[in-house]
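Right, one structure below, let's go through it.
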Amino acid sequence: HMAHRIGAIVVTLYLIFLLSQLYKHAGGPHMRRQAHVIAILLATQVGLGLSNVIWSLPLPVAVAHNACGALLLLSLVTLNYRLRKSTSW
């Protein structure tokens, strides 16, 4: 559990840095909207993770934490695709 928590802190800090760069250098409303989606999913994911710790892993919260993690991963893959597409030759 501790390794997961330490990894979550590292990933959260990196995503906060990524979001700050996206807000500074957003290439239009689509990128800014994508940054908002990632920020909301990140906040939800952290909240669900803390809820799991506080309430000793209730099944509905644990499942929601996994689902939100999948949505966060999907949004980051989408961001990667959009960034690659916008800088392609």
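Just so we're clear, the structure is a prediction, and the values are computed from it rather than from any experiment. For the numbers below, each heavy atom of this structure counts, side chains included, while hydrogens, waters and symmetry mates do not.
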Please report the interatomic distance [atom1]([X]) to [atom2]([Y]), rounded to the nearest 0.5 Å.
{"X": "H25", "Y": "L83", "atom1": "NE2", "atom2": "CG", "value": "12.0 Å"}
{"X": "L74", "Y": "I38", "atom1": "CG", "atom2": "CD1", "value": "10.0 Å"}
{"X": "K24", "Y": "L22", "atom1": "NZ", "atom2": "CG", "value": "11.5 Å"}

ILVMFWY cluster, [X] and [Y] together (side-chain gap under 4.5 Å):
{"X": "Y23", "Y": "L18", "answer": "yes"}
{"X": "L72", "Y": "I16", "answer": "yes"}
{"X": "L19", "Y": "V11", "answer": "yes"}
{"X": "Y14", "Y": "L42", "answer": "yes"}

Which of these passes side-chain contact (heavy atoms from CB on, under 4.5 Å) with H65: L48, L50, T44?
-> L48

Verify the neighbour count for atom NE2 of H30: are there more than 12 heavy atoms of other residues, nucleotides or ligands below 6.0 Å?
-> no

Using a 3.5 Å cut-off and no angle test, enumerate the donor-acceptor pairs between side-chain atoms of residues 54-63 and protein atoms at least two apart in sequence or in another chain.
none

Might you work through the side chain to side chain contact (heavy atoms under 4.5 Å, CB included) test for L79 and V37, ending with a clear yes or no?
-> CA-CA 10 Å; L79 174 66; V37 168; over 6 Å; no

Closest non-hydrogen atom pair, C68 against Q45 | CB-OE1, 3.1 Å

Nearest heavy-atom neighbours spanning L71 and L41 | O-CD1, 3.7 Å

Scan for side chain to side chain donor-acceptor pair (under 3.5 Å) pairs involving residues 74-83, sequence neighbours excluded, and state none if there are none.
-> Q34-R82

Below 4.5 Å, heavy atoms only, C-beta onward: do F17 and S20 meet side chain to side chain?
-> yes

